[in-house]
Colleague: 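First the structure, then my questions, so here it is.
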Amino acid sequence: MLAEAMGRGRERREKIAARAFSPRIDGGEDVHFLAGHDFNRPLASRSAGTLTLTEADDALTVDAVIGADMQAVSYVRDFLSAHAAGLVRGLSPGFRVRPGGETVEERGNAILRTIRAADLIEISAVTKPAYPAAQIEARDWATSPEVRRANLIVANRWR
């Protein structure tokens with residue numbers, strides 16, 4: 001296999017091209033926001049109306065609302081506590097590359113894989129992201145203590 005032979009002893013890098021995820025995002029397909037790539041620990045989803053994805057040429061922006069009902073769930077409380085402690089700050093996309101949707105090339109002493117077309121299935125909050133620029137932050141958009149029921153988890157833009 002050419003890619004395997006090219007990769008021996010070389011640094012391997014991967015990047016996601018602009019709008020690589022657009023077919024599923026633009027098509028309104030469901031995508032989940034998970035804790036640690038675990039479908040048994042969902043935090044938000046497009047179908048539930050708690051996840052918004054915006055893909056532009058320079059980045060994919062992710063907005064997830066975690067309401068009071070979900071904050072009562074033990075794994076969600078654990079996730080929010082770990083995030084508040086600075087332990088979970090990264091984002092990691094879970095996707096399937098479409099046929100012909102990637103290129104692998106030599107770049108100096110490195111091998112670069114570029115994802116050009118992929119089906120985004122989920123995005124996870126993780127401790128160590130594959131793409132270091134993919135980070136999350138929490139914001140509380142409540143207007144008064146009586147309405148304090150949702151934290152907005154916002155993924156910083158990355159590409």
Side-chain angles (χ1 to χ4, degrees), residues 11-98 101-102 110-159:
E11 179 183 359
R12 295 178 186 183
R13 296 185 202 154
E14 182 176 79
K15 76 175 189 176
I16 298 174
R19 300 192 183 273
F21 300 134
S22 63
R24 276 184 62 88
I25 292 173
D26 295 348
E29 302 275 342
D30 199 15
V31 175
H32 294 82
F33 180 48
L34 308 173
H37 294 292
D38 187 344
F39 276 92
N40 291 314
R41 295 177 14 192
L43 300 168
S45 74
R46 290 180 89 184
S47 64
T50 54
L51 181 66
T52 303
L53 303 170
T54 308
E55 190 168 34
D57 287 340
D58 62 337
L60 171 66
T61 303
V62 179
D63 293 314
V65 176
I66 300 176
D69 53 338
M70 283 299 293
Q71 290 179 41
V73 177
S74 61
Y75 72 83
V76 176
R77 286 194 315 269
D78 292 346
F79 160 70
L80 292 172
S81 294
H83 179 268
L87 300 172
V88 177
R89 293 281 187 200
L91 274 181
S92 179
F95 58 88
R96 282 188 215 106
V97 177
R98 290 178 167 222
E102 68 183 338
I111 302 298
L112 175 64
R113 176 185 187 213
T114 302
I115 308 300
R116 299 194 185 287
D119 293 326
L120 182 64
I121 308 300
E122 54 93 3
I123 297 176
S124 286
V126 296
T127 56
K128 185 164 174 58
Y131 307 97
Q135 298 290 311
I136 59 175
E137 60 188 62
R139 295 185 182 157
D140 190 340
W141 291 87
T143 55
S144 70
E146 295 80 38
V147 215
R148 240 183 234 309
R149 63 183 183 277
N151 283 351
L152 180 63
I153 306 300
V154 178
N156 286 339
R157 299 159 55 100
W158 95 88
R159 180 72 65 226

Colleague: Under 3.5 Å, side-chain donor or acceptor atoms of residues 20-29 against the rest of the protein: list the pairs with distances, not counting sequence neighbours.
Modeller:
{"residue": "Ser22", "atom": "OG", "partner": "Arg19", "partner atom": "O", "Å": "2.9"}
{"residue": "Arg24", "atom": "NE", "partner": "Leu120", "partner atom": "O", "Å": "2.7"}
{"residue": "Arg24", "atom": "NH2", "partner": "Asp30", "partner atom": "O", "Å": "2.4"}

Colleague: Do any N or O atoms from the side chain of Tyr75 and from the backbone of Pro42 form a donor-acceptor pair under 3.5 angstrom?
Modeller: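 Side chain of Tyr75 to backbone of Pro42: a pair is present.
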Colleague: Of all heavy-atom pairs between Leu43 and Ala35, which one has the smallest distance, and what is that distance?
Modeller: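 The pair with the smallest heavy-atom distance is CD1-N, 3.8 Å.
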Colleague: Atom CZ in Phe33, atom CG in Leu53: separation rounded to 0.5 Å?
Modeller: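 If I round to the nearest 0.5 Å, the distance is 10.5 Å.
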Colleague: For residues Pro93 and Ile16, report the shortest heavy-atom separation together with the two atoms involved.
Modeller: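 Looking at all heavy atoms of both residues, the closest pair is CG-CD1, 4.2 Å.
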Colleague: Any side-chain heavy atom of Leu91 sitting closer than 4.5 Å to one from Val126?
Modeller: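 No - every pair of side-chain heavy atoms lies 4.5 Å or more apart.
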Colleague: Can you tell me how far CG of Leu112 sits from CD of Glu102, rounded to the nearest 0.5 angstrom?
Modeller: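 Going from CD on Glu102 over to CG on Leu112, the span is 11.0 Å.
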Colleague: As an exercise, state the distance from CG of Leu34 to CZ of Phe79, rounded to the nearest 0.5 Å.
Modeller: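 Those atoms lie 10.5 Å apart.
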Colleague: Measuring from Glu11:CD to Ile111:CD1, what's the distance to the nearest 0.5 Å?
Modeller: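 CD1 of Ile111 is found 10.0 Å from CD of Glu11.
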Colleague: Taking all heavy atoms of Glu14 and all of Ile115, pick out the closest pair and write down the distance.
Modeller: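 In this case the closest contact between Glu14 and Ile115 is OE2-CD1, 4.0 Å.
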Colleague: By the ring pair (Phe, Tyr, Trp, His ring centres under 6.0 Å) test, which pairs, at least two apart or in different chains, include something from residues 36-73?
Modeller: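 Checked against ring pair (Phe, Tyr, Trp, His ring centres under 6.0 Å) - neighbours excluded - the pairs reaching residues 36-73 are His32-Phe39.
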Colleague: Can you give me the closest heavy-atom contact between Ile66 and Gln71, atom names plus distance?
Modeller: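 Reported closest heavy-atom pair: O-NE2, 2.8 Å.
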Colleague: Show your reasoning for whether side-chain contact (heavy atoms from CB on, under 4.5 Å) applies to Val62 and Leu51.
Modeller: CA-CA 7 Å; Val62 179; Leu51 181 66; 3.6 Å; yes
Colleague: When rounded to the nearest 0.5 angstrom, what distance separates CG in Asp78 from NE2 in His83?
Modeller: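 One finds 14.5 Å between CG of Asp78 and NE2 of His83.
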Colleague: Determine the minimum heavy-atom distance between Pro129 and Thr127, stating which atoms define it.
Modeller: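 Here Pro129 and Thr127 meet closest at CD-O, 3.9 Å.
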Colleague: Using a 3.5 Å distance criterion without hydrogens, assess whether the side chain of Arg77 forms a donor-acceptor pair with backbone atoms of Ala72.
Modeller: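 Checking the backbone N and O of Ala72 against the side chain of Arg77, a donor-acceptor pair under 3.5 Å is found.
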Colleague: Do Leu60 and Ile123 have side-chain heavy atoms sitting under 4.5 Å apart?
Modeller: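 Result yes, sub-4.5 Å side-chain heavy-atom pair found.
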Colleague: With rounding to the nearest 0.5 angstrom, report the CZ to CZ distance, Arg13 to Arg113.
Modeller: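 It is 15.5 Å, given to the nearest 0.5 Å.
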Colleague: Is the side chain of Thr50 donor-acceptor paired with the backbone N or O of Ser45 at a distance under 3.5 Å, no angle test?
Modeller: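 Checked: pair present.
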